[in-house]
Amino acid sequence: LYSSAASDVYKRQVYEYLRYSCGFTSEEINRNKETFITAQENITDLIRELAILNGKSREKNNPKGWIINALKGKIKEYSA
């Protein structure tokens, strides 16, 4: 999820948000790395979107799975 200077800081913030606010493990983040990288490329304020999705996911049976699927939908929305 990491790559170059100023964007590194943002990517680290996204990673930490996923880990500590959404409860993803490192393994879960790596398993869905392609989705998260694509989201970072397409969604301007990804942390804001994740915060919204995280709030909505609390009512779901599988919150992390729901976040991943919802994020895939947002990627389509933003890249359309």
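Being a predicted model, the structure only gives us computed values, none of them experimental.
- Heavy atoms of other residues, nucleotides or ligands lying less than 6.0 angstrom from CG of D45 number more than 12.
- Once rounded to the nearest 0.5 Å, the distance linking CD1 of I37 with NZ of K11 reads 7.5 Å.
- To the nearest 0.5 Å, the span separating CD1 on I68 from CG on N32 amounts to 3.5 Å.
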### Query
Does the side chain to side chain contact (heavy atoms under 4.5 Å, CB included) test come out yes or no for N30 and T25, once each step is laid out?
CA-CA 9 Å; N30 283 330; T25 64; over 6 Å; no
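- Distance check, rounded to the nearest 0.5 Å: CD1 of I47 to CG of N54 gives 12.0 Å.
- The closest side-chain donor-acceptor pair between Y78 and T44, if any, does not fall under 3.5 angstrom.
- Inter-residue side-chain proximity for W66 and L53 is flagged as met; some heavy-atom pair is nearer than 4.5 Å.
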#### Entry: Stepwise salt bridge (Lys or Arg N to Asp or Glu O under 4.0 Å) check, R12 with E16
CA-CA 6 Å; R12 191 171 302 118; E16 289 176 0; 5.3 Å; no
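- Separating the OH atom in Y17 from the CZ atom in R48 is a distance of 11.5 Å, to the nearest 0.5 Å.
- Residues S57 and P63 share a closest heavy-atom pair of O-CB, 3.5 Å.
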### Task
I would like to know whether T38 and I43 meet side chain to side chain contact (heavy atoms under 4.5 Å, CB included); could you show each step before the answer?
CA-CA 8 Å; T38 304; I43 301 172; over 6 Å; no
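- Summarising the geometry, atom CG belonging to N42 is positioned 11.5 Å from atom CD belonging to E77; distances are rounded to the nearest 0.5 Å.
- The two residues L46 and A39 have their closest heavy-atom pair at CD1-CB, 3.9 Å.
- Under the 6.0 Å cut-off for aromatic ring centres, F36 and F24 qualify, their centroids lying closer than that.
- Taken to the nearest 0.5 Å, the CG atom of L50 stands 11.0 Å off from the NZ atom of K74.
- K64 is not listed as a side-chain neighbour of C22, based on a closest heavy-atom distance of 4.5 Å or more.
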